[in-house]
Amino acid sequence: MIRKTLFVNGVERHLIVDPDESLLNVLRNQLFLIGTKSGCGGEGECGACTVIWDGKAVRSCNYKMERIPDGAQIVTIEGVGTKECLHPLQLSWMIHGGAQCGFCTPGFIVSAKALLDQNQNPTREEVREWFQVNRNICRCTGYKPLVDAVMDAARLVRGEVTKEELWPKLKDGVSLMGSSMPRPSALAKVTGTWDFGADSGRKLPEGALHIKLVQAKVSHANILNIDTSEAEKMPGVYQVITYKDVPGTNRINGLAFPANKGSGKERPILNDKKIFQFGDALAMVLAYSPKIAEEAAKKVKVEIEELPAYMNALDAMDEDAIEIHPGTPNVYFENHNIKGEEVEPLFEELPFVVEDDFYVGRQPHLPLEPDVGYAYIDEEGKLVIHSKSIGLQLHALMVAEGIGVPLDQLVIVQNNAGGTFGYKFSPTMEGLLGVAAMVTKKPVFLEFNMYQQITYTGKRSPFFINVKMGADENGKIKAMASDWTVDHGPYCEFGDLLTMRAPQFIGAGYNIPNIRGNGRTVATNHAWGSAFRGYGSPQSLFSSEVLVDELAVKAGMDPLEFRYLNVYRQGDTTPTGCEPDVIAFPQALEKLRPIYKKAKESAKAKNARGGDLKYGVGISLLEYGCGLDGADSSEAWAEITEKGISIGSCWEDHGQGADMGFLSVAHEGLKPLGIKPEQIRLVMNDTEKAPNSGPAGGSRSTVMTGNATRVACENLVAALKKDDGTYRSYQEMIDEGLPTKYMGSWTAPCTACSVETGQGNPFPVYMYGVLLAEVSVDTISGKVKIEKLTLVSDCGPILNKLVLEGQLWGGLTQGIGLALSEDFEDLNKHTTLVKCGIPRIMDVPDNMEIIHQETPRPYGPFGLAGSGEMPLSAPHAAIVNAIYNACGVRITKLPARPEKILAAL
Ligand code: MCN
Ligand code: FES
Ligand code: FES
């Protein structure tokens, strides 16, 4: 141990520290300055832990205490500004929607402060370079709003603008809907007072136990024996839990479709007979400190018999492959698409026919906050689990039996989440936490590091797709044949639902009268498939949006004009045979056309100058449905109280802005009452306090929970209304003995698609977009640079401009990653954020333009559609099409890494 005297946020602090401990851990664990976050936790990659040390921005996870001299001046987010006295950067961050999940926010703001302290007038490029050099990574925002925020903060610092001038106003003075008001959580996020799971976990009562996992180091094996004796003997270890101790069935219920050949209960909470994938949890060590638990976990001996590991669908489909789950074939679900006439005879006759194979791989979610949670038994004997769940009631249903707790004795609460991008649509550690709390009857805490987050949680499921399309002499698409194989990893939960997305989105956007398609879901030993933003549409649309470009070339037509000719018009039908909710693509393409033409001319002019850089443009349609396929539904309530109105729902927040969405819809619904947004109290994301609104997946919340909220507000407003047209007060309701709380529920008027034919009307509302990508390709290095992105977005009327544009920029940026760099294929290589290819600020263009088209949706609350997944549905297709336009290389298997492009050149 060593003694240190530091000046932290201007206060002299005397500390006894382990010389090997990082500055980050000392700040968080000894000084409780938990505004500084741990993302990559020691890799120095993410910048979430940035503090200022003697005027310089540093990543505090990178510095051991022995390197910090006595007298060092350290500034953390807590020293930048407070709620009452915000730093210009904090204010500007709110005004620009810079904090979505908010996990990167303290690190960015502290980093930007170090910049402004030395340069009050930086250029946008200098700001971008600063964040690149200081390795500040954001997974949510696409970086653009962050640069906007620094530029306006600098203007505030220079006194060129006032806070009042920058602060947004309600739309038309009355509406929150359509405004740019910051989300309710923004203030806490920019001041570092928004507690994430790891922060709350540090505040658990004395005696709380830390869990560390014993995890599988191979991908497929029989478990012969687990010996915990040595670990149990270690001082400070409370207990080691294996499958033998689990009170329940020890299985997660994957809620399989009837047509699924598996039971849906393949996933163990703690593996018993077999290891199905790398990282599977074999035992939990519970100790009084995380370090002891970690050391003890290394002492657990696991004896195994290794089995052949099938690391992709094609290998698992081999006729010699053994069944990963004995008794269930590796190909465990099949579905089809049958629309119109047989297509093979049509292909014989059509003048323009193209066919290609496509692959979209195992994209990792890479939230900056690793998975984390805690659990305890409350005073009523209920099991309470706090996690990053984005499907609270759904997860309760999936884990209760496995844990061994009656459903009505289980409460799940969502912690503030630092991004999930869909991986938390599946339960991750809920089962483990529940079992640990049930067995020990103590508060238990489990925190993953980034390595565990990356190697153990679910990933986007790879699709192998073959598509064939034919067009007539006028360029009208007449027939499509498709074949899809989905690698869903070892656990089947939601694999069937995901495979249903292929017939829905291969060829979506176009009126294709005749379709035949066949597909299947396959169990493998690579990472289990979990939902990822876009959920099947990025794989499906990639194949058809690239093939449509190939077909346009074959027909001798411009790709934009070819699309314009074929997109949905009145009376047309989708690949599932239903009418689109609204017609949006023709208008969107018309808006894009002049920009596209200019971009094409500009690329041509640059290419005419010669050189190694080749410029090109590409477009794609973006589309996704809002809902869970079929008659999806949601619930919310609204209540009048002494202080105003309370509204309740489980609209879970990944970071997308559930708080702002819920508040804005409710404010609109309560408009007759003339109340202010600050009079509305949100009660959210706790199964004990708020109703079942369904998961925040499938971009469904704005439509489903928005409608339920609208109905709840309408019901409350109707109850408050007096005969004379005025409204009762809370006291009047009480005096008249009227109920104060009103439910709202809403069910989508939809029918799920048939497994046999793919036909149906799965979603009440769709989101639409058309993207133009402008790229340059370095023909010497094979590197692609995205020069500009222009998105015509149609998400219905804007609910909140900051939130909506944040969703769009963030989603497009993940599409850049999907197109060019992101992968989780090699278990030894793809182990950190950067090694998995997460886009940094310089990988993303500052030049991103959004053109809003606001077509009201018949079934959307106040005409709204969703927004979350549309921007990631097919931006990678536009990028790949632009690469082809630039240099003639057609990449059909992602990611389009430089070596692939060079090889093709
Ligand atoms: N919105 C809006 N105007 C519209 C439509 C929507 O302002 N016309 C806003 C809504 O208020 C909401 C957001 O856009 O805050 C997304 O709305 P919606 O599409 O209804 O989606 P959900 O609220 O159900 O959020 C889930 C969706 C999904 S499925 C994933 S995955 C996802 C996403 O949103 N993961 C995210 N966005 C994310 N954003 C962040 N920062 N982090 C994630 O993990
Ligand atoms: Fe320090 Fe990521 S936590 S750089
Ligand atoms: Fe940057 Fe979520 S807001 S990581």
Side-chain angles (χ1 to χ4, degrees), residues 22 24 36-50 58-62 97-105 107-108 134-143 145-146 177-178 183 189 365-369 388 390 417-425 450 531-535 624 626 651-665 693-706 765 767 793-808 810-811 814 832-833 852 854 857 860 862-872:
S22 67
L24 170 65
T36 306
K37 305 300 172 198
S38 174
C40 65
E43 294 288 338
E45 285 187 347
C46 75
C49 64
T50 305
V58 295
R59 291 180 296 284
S60 59
C61 72
N62 263 351
Q100 286 191 27
C101 76
F103 198 81
C104 69
T105 305
F108 263 97
N134 286 289
R135 302 200 195 163
N136 292 103
I137 288 182
C138 175
R139 186 61 164 160
C140 298
T141 61
Y143 300 104
L146 310 185
M177 182 170 159
R183 63 184 74 190
K189 285 173 180 167
H365 302 70
L366 310 178
L368 287 202
E369 179 202 32
K388 289 179 73 177
I390 57 143
T420 91
F421 309 106
Y423 89 90
K424 279 303 307 175
F425 195 89
M450 189 54 81
F532 191 150
R533 197 174 192 174
Y535 195 55
Y624 197 58
C626 303
W651 181 339
E652 297 91 348
D653 205 345
H654 311 232
Q656 83 278 21
D659 55 347
M660 197 60 192
F662 192 33
L663 177 65
S664 305
V665 173
S693 311
S699 300
R700 63 184 284 288
S701 307
T702 306
V703 173
M704 298 295 162
T705 306
V765 173
M767 309 161 276
S793 150
D794 196 331
C795 293
I798 297 170
L799 184 54
N800 180 279
K801 195 153 183 279
L802 292 182
V803 174
L804 176 58
E805 294 192 339
Q807 286 297 289
L808 301 177
Q814 292 185 321
T832 73
L833 294 168
H852 293 285
E854 299 183 63
R857 302 303 199 272
F862 311 110
L864 295 161
S867 74
E869 286 162 290
M870 179 273 279
L872 184 50

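Along the sequence shown, residues are numbered consecutively beginning with 1. Whatever order the structure lists them in is the order used to number ligands and atoms, beginning at 1. Any value given below was found using the heavy atoms of this structure, including those in side chains, with hydrogens, waters and symmetry copies removed.
Contact annotation for Glu43 and ligand 2: no heavy atom of the residue comes within less than 4.0 Å of the ligand. The proximity of Leu799 to ligand 1, defined as any non-hydrogen pair under 4.0 Å, involves the side chain as well as the backbone.
Side-chain contact annotation: Arg183 with Gln656, donor-acceptor N/O pair under 3.5 Å absent. Between the side chains of His654 and Gln100, no donor N or O sits under 3.5 Å from an acceptor N or O. Side-chain N/O atoms of Glu869 and Ser699 include a donor and acceptor closer than 3.5 Å.
Taking 2.8 Å as the threshold, Cys49 does not count as a candidate ligand of atom 2 (Fe) of ligand 2, since none of its N, O or S atoms lies below it. Atom 2 (Fe) of ligand 2 lies under 2.8 Å from an N, O or S atom belonging to Cys46.
Asn136 contributes atom CG, which lies 8.5 Å from atom OH of Tyr143 (distance to the nearest 0.5 angstrom).
When rounded to 10 degrees, the angle formed at atom 1 (Fe) of ligand 3 by SG (Cys138) and SG (Cys104) equals 100°.
Note: an N/O pair closer than 3.5 Å links Gly868 and ligand 1 by distance alone.
Contact annotation: Gly419 has no heavy atom less than 4.0 Å from any atom of ligand 3.
Between atom 30 (C) of ligand 1 and the options Gln100, Glu369, His654, the minimum heavy-atom separation is to His654.
Scanning all protein heavy atoms for the shortest distance to atom 3 (S) of ligand 2 gives Gly41 N, 3.2 Å.
Proximity to Gly419 (heavy-atom distance under 4.0 Å) selects the following atoms of ligand 1: 44 (O). Near Pro797, meaning under 4.0 Å from one of its heavy atoms, ligand 1 places the atoms 4 (C), 8 (N).
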